[in-house]
K.L.:
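My questions all concern the structure below.
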Amino acid sequence: MDSTEFRKRAQELVEYIIRYQETLETRRVTPNVQPGYLKSLIPSQAPEFPDNWENVMKDLDDKIMIGMTHWQHPRFHAYFPAGNSYPSMLADFLSAAIGCIGFSWASAPSCTELEIVVLDWLGQMMGLPEDFLFLSPNSRGGGVIQTSASECILVSILAARFHIIKRLREEYPGEEDEALLAKLIAYSSKEAHSCMEKGCMIAFVKVRGLEADDDFSLRGDTLLEAIQEDIKKGFVPFFVSCTVGTTSCASADNIKEIGPICEEYGIWLHVDSAYAGSAMICQEFRHLFEGIEYASSVNTNGNKWLLTNFDCACYWVKDRFKLNEALTVDPLYLKHSNDQKSIDYRHWGIPLSRRFRSLKLWFVIRMYGVEGLRKYIREHCRLAKVFEKLVRQDPRFEVVNKVMMGLVCFRLRGSNEINEMLLKVINASGRLHMVPSLLKAKYTIRFCVCRENATDDDMRYAWNVIRDFAEVLIILRQDVESFPDAPEDPVDSANTHEIKKEAADLYKSLTSYDAKGQAVRRHSLALSTSTVTDVIGRTNLDQLVKEHLDHRKFHRDTITPTTSINESLHLPVTRRHHDIVYDRRRDREFEAHPERRRFRKDPEDFLIEPLPPESLLQIKQMGIGVGIGIGVCVLFKMLRFFP
């Protein structure tokens, strides 16, 4: 590809990106593919000769995009936001074009210098103490962009381990390093991210998860009790990780209480604020950072809540020389004439090679301005409150967390099993995407506001989808539990092609009629795969929702919400929807001719009566008669033309 073709293809690709962003709503938020789908679509060996651009882009659309989960989709509410904006994309484009590897100042001076400045900018925006900033007078601190929060935590553990082992060697001169390592123990809340556990596993140190309070916050007295208990057992506490904005529910540990304890015992305190740290640019959230002056290190992910594409994990330390001492490996071929008076970021983390990552953060801050970024974060927090209000208006649901940021944790009042199934069928439908968390042994659904331009309508749409699936699931679950002794009628469910049909048949089986024309509920098909849950679990319910749930307009307002729903979620229903014939053509006919609608005598039971068997027989006989008549006419015509 030469420069002429590159110019043409780059313009085409920009148009493709814009078209993708603007038409995301037309796609499923999650793909309808299975593991290994791609190997049958792409050759098993690389092409021997060059291909053309058109073929590559066609394969991108036909083979790659069909397997994508769309993180920028308005229906994506899983995990946390994945930073994304046009200024960030352009900066990454430019970074790729420059193609530098900024492991030292000499290898890419501007790459290093811009990172220093931009990390100071962001630190000031977040209200970090001057001890964490490069350019403050007499400061020993500074910031760096790492790959992820996991790397920030691992680097902090390694630095803390290095210095505690160094101290213990002096206290126990005869001990081997392995014996000293066995004494070390780290602490975090049980709500902390799993990367804390992984980091300790890599560093070969013990970690102890501590119970959080009722607001899912780690408190100082809990930590102090654990430290004193472990010291009596001969362990050496050396590292504590506090979280501000936990992954499970966006809660915040109490740094103000924990900080002085860490200072008293000489423990490295790290504050992991991968998600919520960005919100510190808004003054109203700064109280969550009270006590941050006690921290040895802190991180936040610009690629979560600052509209900056991955990877952009911003990490600050109070003493960069301690960090460098723990991680410096200095071969001759990497030395340069300015290494004594410059910053070499190869000493700040695990990898040597580094991209020009600060460029995209610089673009974003300049193009949005601090006030623009504040407006974006505050809008996400407001939308989370909108969604929270919708959930709280339905007594069948409960909100589990204290909604401070852009995350709402909610669940149906009932068993963990039914909440797990609710999330499974919603995600399988492709209409929304959410993930779970476990809070105080309760299976909880996380709803995060993720899209940059999310709206109130997006919140209402999501809630309507959740409510619709919950109603279907509750009703079907109730049906099965109503007939526990129903005979089984085994059905082979192994054939995945029959899953949608099976789900549809299941629903039809719940609205069948006996020989007298009375509505009955058959459960043999439901129980043939053990429970309704099993059937629903293997289908995305598209068939059910599209073809069999038009009765929503009949029964939605008749379900009586109650807060005393038991673990089986037996829901009081004033109109037994199973007796309604759900037929779109009949609905349209009734709308055009209201006089044809027949109701039961009881106005509370607003139901359409099923046709009796005699009427069905008459209709059948009429159809047969008409068919015979048409057949005779056709035969007569044929005999006339072909004597």
Side-chain angles (χ1 to χ4, degrees), residues 21 71-88 118 121-128 149 215-217 243-247 249-252 255 271-290 292 298-309 312 314 360-392 399 401-410 434 446-463:
Q21 293 274 342
W71 284 61
Q72 309 308 320
H73 199 290
R75 312 302 170 220
F76 183 94
H77 300 289
Y79 314 110
F80 284 125
N84 184 269
S85 65
Y86 289 127
S88 179
V118 171
W121 278 11
L122 184 54
Q124 292 167 359
M125 290 160 58
M126 293 169 56
L128 291 182
D215 290 327
F216 308 103
S217 173
T243 308
V244 176
T246 59
T247 300
C249 62
S251 60
I255 309 172
V271 176
D272 173 21
S273 56
Y275 169 59
S278 299
M280 299 307 119
I281 69 174
C282 304
Q283 191 67 40
E284 61 267 30
F285 295 114
R286 292 274 179 88
H287 66 279
L288 299 175
F289 257 22
E290 288 182 8
I292 195 68
V298 58
N299 72 275
T300 191
N301 283 13
N303 56 264
K304 276 190 169 69
W305 218 6
L306 278 182
L307 297 171
T308 307
N309 290 70
C312 187
C314 302
K360 57 192 172 187
L361 186 56
W362 186 56
F363 269 42
V364 168
I365 294 174
R366 291 195 62 181
M367 296 299 291
Y368 282 87
V370 181
E371 189 54 39
L373 294 172
R374 289 193 189 109
K375 182 179 178 181
Y376 156 71
I377 289 173
R378 285 170 176 152
E379 178 64 4
H380 273 205
C381 296
R382 186 193 69 81
L383 290 172
K385 285 292 186 181
V386 170
F387 184 81
E388 178 192 15
K389 184 178 179 181
L390 292 171
V391 177
R392 291 191 185 278
V399 175
N401 69 324
K402 183 179 179 181
V403 180
M404 299 184 294
M405 303 286 176
L407 179 69
V408 181
C409 297
F410 70 98
M434 300 176 290
R446 295 171 72 263
F447 179 92
C448 189
V449 183
C450 292
R451 196 186 194 194
E452 177 186 356
N453 299 315
T455 65
D456 291 57
D457 286 343
D458 292 331
M459 303 302 103
R460 286 189 287 268
Y461 173 90
W463 174 241

K.L.:
Determine whether a donor-acceptor pair (N or O, by modelled atom type, separation under 3.5 Å) exists between the side chain of Y275 and the backbone of G406.
P.N.:
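Yes; at least one donor-acceptor contact below 3.5 Å.
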K.L.:
Side chain of T308, backbone of N303: donor and acceptor closer than 3.5 Å?
P.N.:
no
K.L.:
Which pair of non-hydrogen atoms, one from L288 and one from M405, has the smallest distance, and what is that distance?
P.N.:
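The answer is CD1-CE, 3.4 Å.
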K.L.:
Just verifying a value: how many Å separate C314 SG and N299 CG, rounded to the nearest 0.5 Å?
P.N.:
9.0 Å
K.L.:
Identify the two heavy atoms, one from A454 and one from V449, that lie closest to each other, and give their separation to 0.1 Å.
P.N.:
CB-CG1, 3.9 Å
K.L.:
Evaluate whether atom CE of M367 has more than 12 neighbouring non-hydrogen atoms of other residues, nucleotides or ligands under 6.0 angstrom away.
P.N.:
no
K.L.:
Mind running side chain to side chain contact (heavy atoms under 4.5 Å, CB included) on Y376 and L307 for me, showing each step along the way?
P.N.:
CA-CA 9 Å; Y376 156 71; L307 297 171; 3.6 Å; yes
K.L.:
Quick one: pull up SG in C282 and NZ in K375 and give me the separation to the nearest 0.5 Å.
P.N.:
13.0 Å
K.L.:
Under 6.0 Å from the CZ atom of R382, do we count more than 12 heavy atoms belonging to anything else shown?
P.N.:
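Counting neighbours around CZ of R382, more than 12 heavy atoms of other residues, nucleotides or ligands fall under 6.0 Å, so yes.
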K.L.:
Taking the side chain as everything from C-beta on, heavy atoms only, tell me whether F289 gets closer than 4.5 Å to S273.
P.N.:
yes
K.L.:
Considering non-hydrogen atoms only, spot the tightest contact between A276 and G245 and give its length.
P.N.:
CB-CA, 3.7 Å
K.L.:
Give, for atom CG of L122 and atom CG of L373, the distance between the pair rounded to the nearest 0.5 Å.
P.N.:
9.5 Å
K.L.:
Specify the closest pair of heavy atoms between A78 and C450, including all atoms of both residues, with the distance to one decimal.
P.N.:
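The answer is O-SG, 3.6 Å.
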K.L.:
Enter the distance from C448:SG to K304:NZ here, rounded to the nearest 0.5 Å.
P.N.:
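Going from SG on C448 over to NZ on K304, the span is 10.0 Å.
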K.L.:
Checking L306 against V364 for the side chain to side chain contact (heavy atoms under 4.5 Å, CB included) test, could you report, in this order, the C-alpha distance in whole Å, the side-chain angles of both residues, the deciding distance, and whether it holds?
P.N.:
CA-CA 8 Å; L306 278 182; V364 168; 5.6 Å; no
K.L.:
Dump the intermediate steps for side chain to side chain contact (heavy atoms under 4.5 Å, CB included) on T300 and M280, then the final yes or no.
P.N.:
CA-CA 10 Å; T300 191; M280 299 307 119; over 6 Å; no
K.L.:
Closest approach of N301 and S278, non-hydrogen atoms and distance?
P.N.:
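Looking at all heavy atoms of both residues, the closest pair is O-OG, 3.8 Å.
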K.L.:
Measure the spacing between CG of N309 and NZ of K360 and express it to the nearest 0.5 Å.
P.N.:
6.0 Å
K.L.:
Can you sort out the partners of W463 under ring-ring contact (aromatic ring centres under 6.0 Å, His included), two or more places apart, ordered by chain and number?
P.N.:
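Per chain and number, W463 pairs via ring-ring contact (aromatic ring centres under 6.0 Å, His included) with F397.
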K.L.:
State the CD1-CD1 distance between I255 and I292, to the nearest 0.5 angstrom.
P.N.:
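If I round to the nearest 0.5 Å, the distance is 4.5 Å.
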K.L.:
Can you spot which of Q124, E371, R374, R286 makes a side-chain contact (heavy atoms from CB on, under 4.5 Å) with I281?
P.N.:
R374
K.L.:
Using modelled atom types and a 3.5 Å cut-off, is there a donor and acceptor pairing between side-chain atoms of K385 and backbone atoms of V403?
P.N.:
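Such a contact is found between K385 side chain and V403 backbone.
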K.L.:
Give a yes or no on whether the backbone of A252 and the side-chain of S217 come within a donor-acceptor separation of less than 3.5 Å.
P.N.:
yes
K.L.:
Does K402 reach the side chain of E388, with side-chain heavy atoms less than 4.5 Å apart?
P.N.:
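No, their side chains stay 4.5 Å or more apart.
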K.L.:
Please answer whether the main-chain N or O of Q72 pairs with a side-chain N or O of E452 as donor and acceptor at a distance below 3.5 Å.
P.N.:
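Answer holds: no.
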K.L.:
What orientation do F447 and F387 show, parallel under 30°, tilted 30 to 60°, or perpendicular over 60°?
P.N.:
parallel
K.L.:
Is the Lys NZ or Arg CZ of R446 less than 6.0 Å from the centre of F80's six-membered ring, within 45° of the axis?
P.N.:
yes
K.L.:
Give the C-alpha distance, both sets of side-chain angles, the deciding distance and a yes or no for side chain to side chain contact (heavy atoms under 4.5 Å, CB included) between D458 and R75.
P.N.:
CA-CA 7 Å; D458 292 331; R75 312 302 170 220; 2.9 Å; yes
K.L.:
Does any N or O in the side chain of H380 come within less than 3.5 Å of the main-chain N or O of R451, such that one atom is a donor and the other an acceptor?
P.N.:
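Yes, H380 side chain to R451 backbone: donor-acceptor pair under 3.5 Å.
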K.L.:
Can you find a heavy atom in the side chain of W71 that is under 4.5 Å from one in the side chain of N84?
P.N.:
no
